[in-house]
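In the text below, chain A, chain B and the rest are named by the order of the sequence lines, each starting its count at 1. Predicted, not measured: the structure shown is a model, and the values here were computed from it.
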There are 4 protein chains.
Amino acid sequence: MSKRDLILATALELFVHQGIGATATAQIAKAAGVATGTLFHHFPSKAQLVSALYLNVKTQLAEAMRLEQGEGDLAGRARQYWDRGMDWALAHPESLRFMSLVYHRPGQDGDLKRQAMLEILGFIPELLRQGQAEGRLRPVPEDLALEQCQGQFMTAAQFFIDHPDKAGDGHYRDAAFDLFWLSMARH
Amino acid sequence: MSKRDLILATALELFVHQGIGATATAQIAKAAGVATGTLFHHFPSKAQLVSALYLNVKTQLAEAMRLEQGEGDLAGRARQYWDRGMDWALAHPESLRFMSLVYHRPGQDGDLKRQAMLEILGFIPELLRQGQAEGRLRPVPEDLALEQCQGQFMTAAQFFIDHPDKAGDGHYRDAAFDLFWLSMARH
Amino acid sequence: MSKRDLILATALELFVHQGIGATATAQIAKAAGVATGTLFHHFPSKAQLVSALYLNVKTQLAEAMRLEQGEGDLAGRARQYWDRGMDWALAHPESLRFMSLVYHRPGQDGDLKRQAMLEILGFIPELLRQGQAEGRLRPVPEDLALEQCQGQFMTAAQFFIDHPDKAGDGHYRDAAFDLFWLSMARH
Amino acid sequence: MSKRDLILATALELFVHQGIGATATAQIAKAAGVATGTLFHHFPSKAQLVSALYLNVKTQLAEAMRLEQGEGDLAGRARQYWDRGMDWALAHPESLRFMSLVYHRPGQDGDLKRQAMLEILGFIPELLRQGQAEGRLRPVPEDLALEQCQGQFMTAAQFFIDHPDKAGDGHYRDAAFDLFWLSMARH
DNA sequence: TATGAATGAGTATTCATTCAT
DNA sequence: CATGAATGAATACTCATTCAT
């Protein structure tokens, strides 16, 4: 593992447990076993370290969610996306927490991060549009629905991370998806 | 307005726009037009200032949401709660943002804040239980449902704060509530 | 002596002996017997400390050179100014050195400092103009002459500071002034 | 141009515009298009880079000022020296500025640099001695006169660099030399 | 010769908190 | 109650220099 990657991995861990602002660059460097100068050699500023880390995490999630082809019906495809995302979140709980951390940071380049997230959850508007066209989904305003779906995914993921015992419980997994899906479905 | 209240109001504004960690006590004091010593005279530490502010905001929201008596049917009562909360959020956008800020703070007394929020949105589990008993709501695991409802309320509120033009649009308001309600309703 | 003045005095000494860039704010604070925070309480940045110090020194020199009234003839008045300046420089060698330091700093607010110096040596253009009008001084371009006179004064002052034994030698003192005066006089 | 020379040229430019202390070796290397290691391969330390640069510049100036033989009378020879120096300064403004920079640096090997400069302007004491012997120059203390002449040359050169339009104006050029020469001449 | 990642002591500046008035 | 000067540990970032390739 390159020193750069070591720094990224260490930063992720510390950021998630202490908060971004509360984590000193010196602490990251020390915990990663490199000199402070090394951190700044790879990332010119703390902000850029955060950005690079965010990009990293975002890319990983996006890859994890890539669906080869639209298989099955609408609800089935939605469920596949949902499950992939959830599996990734459970496999990388710190990454998910970090995304949420960055997402909720105040006073920062909010729009950038918000847009970045839409990029990942971009399948949602597509599903929504298609579902509405097919008459399977209710005509919910897209912008509002998107925000809500995103929130529901993040909330569910965080819930399963916080309650690992329930993450394997099919009943819970189904309930979480239904809570998401039925909020939009036409009944 | 007492100096104490002035400090609280100023802190709220600054915290929300810059973040809690990024706001210096000296800045709060200066913006409030008092000496730094005065701030620490009223609040022995920054942490306690944050706590006091949180308590303040929480109390206000709780009061705004108090329903005299259970009027109407289940969905009607739920809608009343939802609307009251939403109105309050729109009237006090910074307060809502601050709650979300504290809620998502990492490494902190998470449980305390989480519990405090349940206290306010406490009507949800009640509605949920009653609705399930009456067969009007699906049997969703309570802990998961609670988390989701809470998240949906906060998301919707933030959405309307960010898009004030849509906050008065009845179509949007209905859609937001439906997204919440239909996720749990039996169809 | 207030802490603020203590810091200024200490900074002057250190700047002059080590250079401005080579003197750490922490070193100034320590040498002055105050905390680093105290320095930044009084001077928001190192640059502003330097500016404040410069202003201080400039004001002192200006006061020292103030002539109650135009006594004597042109050369006599010039000599009085020259001697006052020289006496002040000998009494405050570090102040003079600091002025020269700031004056020669590269990449900085050169114009500001240059103008500030003209302000002090402002009597020179006056003398020059009057002398030229009376036919006692040669018609030297004013801007060039001003620069040269300034330089000659600073050079002479520095020379006497570096050779204190010669500062009391009337022969040397006369020679220094003549070098200055005869460069402009009509013969 | 060899990498070594490239580094020297780049360093000159940066030193002059930002100051020596404020210019990082890494910046020089980058601007010169070489690796940091390369800079330290050619110059074992920043101090030695500065010295090498100084030597370079000094040598160039010395060569530019070399007069084949004493032609003409005293004032004529002086004027020749003066003009050569001034022409070189105008052709290499950054070199001149760098010399002045090094000359005024505090806390450094002052005597060395001072002596180095005398080496270049060494013709002045000679002229002075000869002129005094011939009775054409006043009996000014040599050490003081030398310092003043040096200062006047540097000041005039800097003036013409700062005001290029006046550098070609014969009136100004004459005035600058006269200011220098008449300060010592017997009238 | 040339490279550039790595180092770690050093720098300016911030900030929660104290306390004498 | 109120003030604001004083504190000093902590922080993000810099930089001359080294060294394995």
Handout entry: N or O in side chain of T38(A) less than 4.0 angstrom from dT7(E) OP1/OP2
Key = yes
Exercise for the section: For K30(A) and dA6(E), give me the distance from atom NZ to atom C1', rounded to whole Å. Expected result: 18 Å
Completion exercise
When rounded to whole Å, the CG to P distance for the pair D5(A) and dA5(E) reads 14 Å
Exercise for the section: Verify the contact: side-chain N or O of H41(B) to OP1 or OP2 of dA2(F), cut-off strictly under 4.0 Å; return yes or no. Expected result: no
Exercise for the section: Apply side chain to side chain contact (heavy atoms under 4.5 Å, CB included) to the pair Q60(B) and W88(B), showing each step before the final yes or no. Expected result: CA-CA 9 Å; Q60(B) 279 182 52; W88(B) 181 85; 4.1 Å; yes
Practice task
Provide, to the nearest angstrom, the distance between the CG atom belonging to L39(C) and the C1' atom belonging to dA5(F).
Solution key: 14 Å
Handout entry: Minimal non-hydrogen separation, T25(C) against L39(C), with atom names
Key = O-CD1, 3.6 Å
Problem - Relative orientation of the end axes in the helix from dA2(E)-dT21(F) to dT21(E)-dA2(F), expressed as an angle to the nearest 10° (five pairs per end) - result: 0°
Practice task
Could you pull out the closest heavy-atom pair between S100(C) and H104(D), with the gap in Å?
Solution key: OG-CD2, 4.3 Å
Practice task
Have a look at L14(C) and tell me which of T10(C), L12(C), V16(C) forms a side-chain contact (heavy atoms from CB on, under 4.5 Å) with it.
Solution key: T10(C)
Problem - Shortest non-hydrogen contact from K46(A) toward F40(A) - result: N-CE2, 4.3 Å
Problem - Between CD on residue Q48(D) and CG on residue L55(D), distance to nearest 0.5 Å - result: 12.0 Å
Practice task
Figure out the CD1/P separation between I28(A) and dA10(F), and round it to whole Å.
Solution key: 17 Å
Problem - Nearest atoms (heavy-atom pairs only) where L96(A) meets A89(A) - result: CD1-CB, 3.9 Å
Problem - Summary of protein contacts for nucleotides 13-21 of chain E, nucleotide by nucleotide, where a base hit scores B, a sugar-phosphate-only hit scores S (4.0 Å, heavy atoms) - result: BBSBBB---
Problem - For atom CD of Q48(C) and atom C1' of dA12(E), their distance in whole Å - result: 13 Å
Problem - L6(D) CG - dA2(E) P separation (whole Å) - result: 11 Å
Practice task
Give the rounded distance in Å between these two atoms: CZ of R4(B) and P of dT3(F).
Solution key: 16 Å
Exercise for the section: Please round to the nearest 0.5 Å and tell me the distance separating atom CG of L8(D) and atom CZ of F43(D). Expected result: 4.0 Å
Completion exercise
Of all heavy-atom pairs linking G19(A) and L101(A), the shortest is CA-CD2, 4.5 Å
